[in-house]
Amino acid sequence: MQTLFRIAGRLVLLAALSIGAQAHVGSPDIYLDGKAGPYQLFVTIRPPQVIPGVAELEIRSETPGVTRVRAVPVPMAGPGARFAPVPDTLAVSPQDAQLFTGSLWMMAPGSWQVRISVDGPQGQGQIAIPVPSAARATKKMQFALAGLLAVLGLFLVAGVVAMAGANEREAKLDPGVKPGEKEFRAAHLAMAVAFLIVAGVLWAGNAWWSSEDASYGQQIYKPIHMQASLDQSGLLTLKLTDPGWLTPRPGHISYFTRSVDDLIPDHNHLMHLYAIREPDLDVVYHLHPAQTAAGSFELNLPSMPAGRYRLYADIVHANGFPETLVSEVDVPRLPGRALAGDDATGSATAWQRADPNNTIFDLPDGYKMIWLRPAALRAKQPTLFRFRLETPDGQAPQDMAFYMGMLGHAAFVKTDGTVFAHIHPTGSVSMAAFMLAQQPGESRSLAANAATAGRRDMAAMSGMDHSSEELHALPDEVSFPYGFPTPGRYRLFVQMKHGNTVETGVFDAAVH
Ligand SMILES: [Cu+2]
């Protein structure tokens with residue numbers, strides 16, 4: 001009986017669903033284009049369906065000659081980060097000598113990293129990739145499985161009770177002798193006692209399982225809650241509240257904490273807010289509200305076209321755990337106010353009326369943004385999305401500039417509202433978390449280091465520079481490593497900067 005319960009319990013546990021990344025909405029897979037020492041890698045990590053569970057890893061070296069790739073998951077912080085287990089060696093694909101695949105166990109929810117080391121003709125290279133890990137929901141047991149287990153369980157209960165009865169009724173009689181009234185009475189008593197014992201075991205099993213279920217329920221990811229409000233002057237206020245998730249309990253060790261006031265800046269801002277007008281996705285704003293108190297952000301909205309906007313706010317916690325908070329706000333006709341700072345906007349025709357194969361987007365100042373798009377777009381396929389900017393007379397702009405330290409920013413949005421991903425030339429990882437992961441020595445103060453290390457390390461990374469003084473000619477092209485999570489219609493908002501102008505190109509995609 002206990003074995004039956006254990007098996008049933010394990011099956012339910014395995015059916016508990018999870019998603020890996022909260023950095024985006026509905027887009028758990030991690031895509032990264034970066035350098036491990038001298039080797040340029042395109043890394044895809046598909047976090048597990050369950051926690052604990054197995055993450056799938058796919059690494060393509062764009063630098064030839066790589067002989068061995070090893071990988072190991074470790075927590076971003078805490079003792080686990082210092083005592084990393086022995087890394088696994090990835091398998092070489094039989095079709096492609098520069099494609100390496102493998103799988104890694106992710107043992108607990110929280111802020112993790114996968115450390116990758118690469119061997120080749122130019123020595124060894126390292127890169128660490130942040131992997132947020134969290135259970136998302138508990139899936140109910142399948143009806144057919146539950147029915148089968150219930151029938152088997154009933155059979156076992158009936159069997160035990162019947163055996164106890166038979167033991168008292170007939171086991172002690174000689175062969176051929178019929179049981180009398182005394183035996184029947186003893187048998188009924190034995191069956192009642194056996195039933196009570198079995199029922200007690202079932203009750204204990206159920207209590208044990210309920211406590212397992214409750215403790216798993218504790219692990220299920222609950223995003224920080226964001227409440228948006230707008231006053232008559234156009235002041236947007238965002239209130240962040242923590243619904244409680246993986247809160248450390250007395251007697252339990254927890255290396256993962258999260259709160260509304262442990263945020264670290266990601267490319268200069270504590271919050272990156274995309275406001276996208278519903279349901280046409282025809283107007284987009286990339287804004288940066290300022291923190292006014294713990295868990296409170298404010299922004300004077302620019303004069304936006306009226307309508308209902310969905311808000312996607314990207315934040316990063318001190319331990320490198322990123323989250324995208326979602327809310328909505330109705331924007332009425334507001335007093336005129338210009339865009340300020342790093343804020344930028346763009347608009348296009350409604351996605352329903354747009355050509356899903358469009359490659360050229362005409363910008364308001366006569367410039368053009370061009371998507372060097374592949375022939376077909378498939379879900380889950382790691383792809384480099386490449387965009388180029390052109391002057392009105394078809395030339396490469398000579399004054400390309402970094403927009404918040406990067407060659408470009410892109411938002412991939414599914415038109416049904418189920419997917420939102422804010423992507424950079426490095427990929428889908430949070431830049432702040434990526435920088436944290438590159439630093440060895442976990443005893444540091446994460447938040448303090450991230451703030452100061454940010455400027456220094458960002459310059460060293462691909463497609464990023466913070467020293468605006470040394471303006472060597474920047475490329476007129478930007479690329480984003482990403483893969484659509486599911487088939488369907490998507491809209492892409494791509495931002496590049498030349499001079500003091502941030503251009504927002506809008507493209508559509510039908511993904512198969
Ligand atoms: Cu960005």
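Read the numbers this way: they start at 1 and go in the same order the structure lists the ligands and their atoms. Reckoned from all heavy atoms, side chains included, excluding hydrogens, waters and symmetry mates. Each residue takes its place number in the sequence, starting with 1.
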Inset, instruction - Decide, counting backbone as well as side-chain atoms, whether His286 has an N, O or S atom less than 2.8 Å from the Cu ion (ligand 1). - result: no
Legend entry - Metal check, the Cu ion (ligand 1) vs His272 N/O/S, cut-off below 2.8 Å: no
Legend entry - Distance flag, aromatic centroids of Tyr482 and Tyr31, threshold under 6.0 Å: yes
Legend entry - Working for ring pair (Phe, Tyr, Trp, His ring centres under 6.0 Å), residues Tyr367 and His498: CA-CA 10 Å; Tyr367 277 61; His498 65 88; 3.9 Å; yes
Of all N, O or S atoms in [X], identify the one at the shortest distance from the Cu ion (ligand 1).
| X | answer |
| --- | --- |
| His422 | NE2 |
| His424 | NE2 |
| His409 | ND1 |

Inset, instruction - Return yes if a side-chain donor-acceptor contact under 3.5 Å exists between Asp266 and His272, otherwise no. - result: no
Legend entry - Identified side chain to side chain contact (heavy atoms under 4.5 Å, CB included) counterpart of Tyr274 within the set Phe420, Tyr309, Tyr285: Phe420
Inset, instruction - Could you tell me how the ring of His409 sits relative to the ring of His422: parallel (under 30°), tilted (30 to 60°) or perpendicular (over 60°)? - result: tilted
